[in-house]
Protein chains: 2
Amino acid sequence: MHNVEKHKKQMNKPARKSRSGARGSITIKDVARYAGVSPMTVSRVVNGSQYVSDATRQTVLQAVRQLGYSPNIAARNLASARGERMGLLYGNPSASYLSEFLVGALDAATRHGVQLVLEKCELTPAASRRAVRRLVAGGVVGVVLPPPLCESAVIRAELQAARMQIVAVAAGRPPADLMCVRIDDFAAAREMTRYLLALGHERLGFIKGHPNQTASEERWRGFVSAVEEHGRLPAPRVEQGFFTFRSGLDAARKLLATEPAPTAIFASNDDMAAAVMAEAHRRVLEVPHDLTVVGFDDSLIASTIWPGLSTIHQPIAQMAGEAVDMLVTAVRGGKRGAAGEAPHRLVAHELIARESAARPKGAAD
Amino acid sequence: MHNVEKHKKQMNKPARKSRSGARGSITIKDVARYAGVSPMTVSRVVNGSQYVSDATRQTVLQAVRQLGYSPNIAARNLASARGERMGLLYGNPSASYLSEFLVGALDAATRHGVQLVLEKCELTPAASRRAVRRLVAGGVVGVVLPPPLCESAVIRAELQAARMQIVAVAAGRPPADLMCVRIDDFAAAREMTRYLLALGHERLGFIKGHPNQTASEERWRGFVSAVEEHGRLPAPRVEQGFFTFRSGLDAARKLLATEPAPTAIFASNDDMAAAVMAEAHRRVLEVPHDLTVVGFDDSLIASTIWPGLSTIHQPIAQMAGEAVDMLVTAVRGGKRGAAGEAPHRLVAHELIARESAARPKGAAD
DNA sequence: CCCCGTCTTGGTATCGCTACCATCCTCCCG
DNA sequence: CGGGAGGATGGTAGCGATACCAAGACGGGG
């Protein structure tokens, strides 16, 4: 209070609010008038400039609060040449993935004041071309590429031809010249496998992911790595899957038909893990008592079904947000970096232990 | 071509593109200069005004295409007082629901040039209050309310106190004074039940939805209605569920333990239906040969699992889009309609027949 | 042949904000 | 005690588009 008076910044108290634009909303000028400063100062306060005295800042902040001022993004974007459009090209990842992804991306977009444009795209070259054309027509300057689209060389080529900035998300093993946000699929799969081994499982089954995604191979490598570092195990049973429930069902059928059957099955994603659980039930095997099942992704189904699936969690929303951050930086910085290294960001995954994993039946308790 | 020359609109062909703002992008003025018309005319063409001659329109359109012009949304919003912020308050609907919802909402938002602000909110009064406060602080003027939040009187009250426009989506039986987009849960459930009856099922089981959602009751009423209109059936078995997989599992256990067991079970949503299938498998019942299972919502899980779940599809993205349309209309039209009837929009649902439903075992083929 | 209404088109003034520069004040150092 | 560095503030000029009004062009009725 003292500060305020000393600095002669007193609140004017005009009875009527918002009389300026007649458009109803409060503008920066209203706040300026109310706080007895210039619009520029208000702008500085709102944007966190250091060149404002504390006293003034407080006065302005109070005025903002009292008037319920919120800056007009359109004007702000216009004046500061922000508000670029960013594209989000999505294929058909699982809906739960997309959902979280959207939340994260949209949040970051709002924070940066950029607009997010969604575009759906099949994996065919023709569809890619069409999608990219639509993005270009929409004035999009950068694109976020969630899986599985980030694996498509065609789409990347199309986008690069259109001189778009690209950030791939969650590609297993991305090219070095592509900006990318991802988890370490290798380390995560290794960690999960170690977890199974630590529980005492020795007869392991593994269901691989779709061969056209590099993440599949990374997860497989992680599994193998843990098995090898443990040593002295019977050779694990392996089946090829394609990330779908159906393919998981087929794989599970084969794995459980072998004799002796695995005591733990690690599926490369949750959909397939859920299928393993379904097949186990049909064979009247209790999960986790008779069979341990774990997945990867922590997708919706993992926590929907019962017992809950132990799996690897990716902070999808956070990753999407960082991808947008990265894109904004790249676009604003204008860093068409000399074709060399592009920024890669590795975020932490997390092993979520739910009810689907336990010690094998024979094990000492 | 003749038209063009007659009207003296010839393309100037300045070699260099985009020289104005040095900000890189092409502005309306560039196009105007290139096409030899005034910026206003370009604006009219781009916005589809009727007061432009065909010849001029063509010239301008070509200029737009050649220059790759795309209007600056920020400027447009600023000049035309658009670009309002709309909120999307989401609780924890299934992720797949949210995902589709976001896609539809975001698309509509982009179309209208409004910004979409996401806000997560638990169902407690405190959390609601906080969420609403954040929305207000964010300058949001209208809110879309997907289920289950649209059922919360607390949230509605909070929002109304903040003088927000509200559109509820998919509330089963919404108050008349609330703008709303939904399907006819009653009719849909009746249709599904008739479908089961038409297949020849007579011993039916039904799992109710969460009692705090009006949609649950509507679906139940639809089921009852179809059963009654058919007449002469053994009384259906009914269990209370809560829309979760776990609750479906419990309900299924009870339903399948009765003697004689139902030949068809209608769960009030897909998660519970999936649980019924899981429980059936554990009892070594083949779906659909030994038991028919149907759900409601066509959520992700319905098409993920095998056999695929027959269910009721809601056009979620479309509904979200219409909700945003409605909100924009309400906000721009300033229709604080006299507390009476608010617009309700009923969209068509669709019965999706997948593999989980078939004639009962005993039935003549 | 004039006048007026309708179709087209162009100017001008913002919209709300920030970039940029000018200014003024304060305080420190020689 | 003067000069200068740098903090704090204000003024001005747009950003790129549309709203609104004014003004030509054109054709038909009196």
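Worth knowing before you read on, the calculation uses all heavy atoms, side chains too, and leaves out hydrogens, waters and symmetry mates. Letters go in sequence order (proteins before strands), and every chain restarts at 1. This one's a predicted model, so the numbers in the text were calculated from it and none came from an experiment.
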Enquirer: Working note: B:N72 + B:R76, criterion side-chain contact (heavy atoms from CB on, under 4.5 Å); need CA distance, chi angles, decisive distance, verdict.
Expert: CA-CA 6 Å; B:N72 178 318; B:R76 178 186 295 208; over 6 Å; no
Enquirer: Please tell me whether A:Q62 and A:Q58 have a donor and an acceptor in their side chains that are separated by less than 3.5 angstrom.
Expert: no
Enquirer: So, does B:T27 get its side chain near the phosphate of D:dC15, meaning an N or O under 4.0 Å from OP1 or OP2?
Expert: no
Enquirer: Please report the end-to-end axis angle for the helix from C:dC1-D:dG30 to C:dG30-D:dC1, five pairs per end, rounded to 10 degrees.
Expert: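 Rounded value for the end-axis angle: 50°.
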Enquirer: What is the distance, to the nearest angstrom, from the CD1 atom on A:I26 to the P atom on C:dG16?
Expert: 11 Å
Enquirer: Shortest non-hydrogen contact from B:R82 to B:H112?
Expert: CD-O, 4.0 Å
Enquirer: Are the side chains of B:C121 and B:L149 in touch, meaning some heavy atoms are under 4.5 Å apart?
Expert: yes
Enquirer: Given atom CD of A:Q50 and atom P of D:dG7, what is their separation to the nearest angstrom?
Expert: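 Value for this atom pair: 7 Å.
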Enquirer: Kindly say if A:T56 contacts the phosphate of D:dT9, meaning a side-chain N or O under 4.0 Å from OP1 or OP2.
Expert: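 Yes, A:T56 has a side-chain N/O under 4.0 Å of OP1/OP2 on D:dT9.
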Enquirer: Give the intermediate values and the outcome of side-chain contact (heavy atoms from CB on, under 4.5 Å) for residues B:Y90 and B:L102.
Expert: CA-CA 10 Å; B:Y90 66 100; B:L102 282 175; over 6 Å; no
Enquirer: Checking the side chain of B:R44 only, and the main-chain atoms of B:S49 only, is there a donor and an acceptor separated by less than 3.5 Å?
Expert: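 It does not hold such a pair.
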Enquirer: Could you state the CD1-P distance from B:I73 to C:dG16, rounded to the nearest angstrom?
Expert: 18 Å
Enquirer: Specify the closest pair of heavy atoms between B:V324 and B:A109, including all atoms of both residues, with the distance to one decimal.
Expert: CG1-N, 4.0 Å
Enquirer: Is the backbone of B:T27 close enough, under 3.5 Å, to the side chain of B:D30 for a donor and an acceptor to pair up by distance?
Expert: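 Judged by distance alone, yes, a pair lies under 3.5 Å.
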Enquirer: Quick check on C:dT8: is either OP1 or OP2 less than 4.0 Å from any side-chain nitrogen or oxygen of B:Y51?
Expert: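 B:Y51 to C:dT8 OP1/OP2: no side-chain N or O under 4.0 Å.
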Enquirer: A:N77 has an atom CG; how far is it from atom P of C:dC17, in whole Å?
Expert: 12 Å
Enquirer: Grab the two heavy atoms, one from B:A32 and one from B:S38, that are nearest each other, plus how far apart they are.
Expert: CB-C, 3.7 Å
Enquirer: So, is B:T41 near the phosphate of C:dG10, with a side-chain N or O under 4.0 Å from OP1 or OP2?
Expert: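 Indeed, a polar side-chain atom of B:T41 lies that close.
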Enquirer: With the criterion being N/O to N/O and under 3.5 Å, what pairs connect the protein with nucleotides 18-24 of chain D, and how long is each?
Expert:
| residue | atom | partner | partner atom | Å |
| --- | --- | --- | --- | --- |
| D:dT18 | OP1 | B:N47 | OD1 | 3.3 |
| D:dT18 | OP1 | B:N47 | ND2 | 2.6 |
| D:dT18 | OP2 | B:S43 | OG | 2.3 |

Enquirer: Using OP1 and OP2 only, check whether a side-chain N or O of A:S38 sits under 4.0 Å from D:dG11.
Expert: no
Enquirer: Heavy-atom distance under 4.5 Å between the side chains of B:V136 and B:M164, does that happen here?
Expert: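 B:V136 reaches B:M164 side chain to side chain.
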Enquirer: Minimum heavy-atom separation for B:A320 and B:G104, please, with both atom names.
Expert: CB-C, 4.2 Å
Enquirer: Can you tell me how far C1' of C:dG11 sits from NZ of B:K29, to the nearest Å?
Expert: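 B:K29 atom NZ is separated from C:dG11 atom C1' by 12 Å.
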Enquirer: Starting from C1' on C:dC7, measure out to CZ on B:R57 and report it in whole angstrom.
Expert: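 In whole Å, C:dC7 C1' and B:R57 CZ are 13 Å from each other.
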Enquirer: Kindly give the atom pairs (protein nitrogen or oxygen, nucleotide nitrogen or oxygen) under 3.5 Å for nucleotides 26-28 of chain D.
Expert:
none

Enquirer: What is the distance, to the nearest angstrom, from the CD atom on A:E84 to the P atom on D:dG16?
Expert: 13 Å
Enquirer: Nearest whole angstrom, please: distance from the C1' of C:dC17 to the CG of B:N72.
Expert: 13 Å
Enquirer: Side chains of B:R85 and A:T110: donor-acceptor distance under 3.5 Å anywhere?
Expert: no
Enquirer: Check the phosphate of D:dT9 against A:S53, side-chain N and O only, distance under 4.0 Å to OP1 or OP2. Yes or no?
Expert: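 So the side chain of A:S53 is within the cut-off, an N or O lying under 4.0 Å from OP1 or OP2 of D:dT9.
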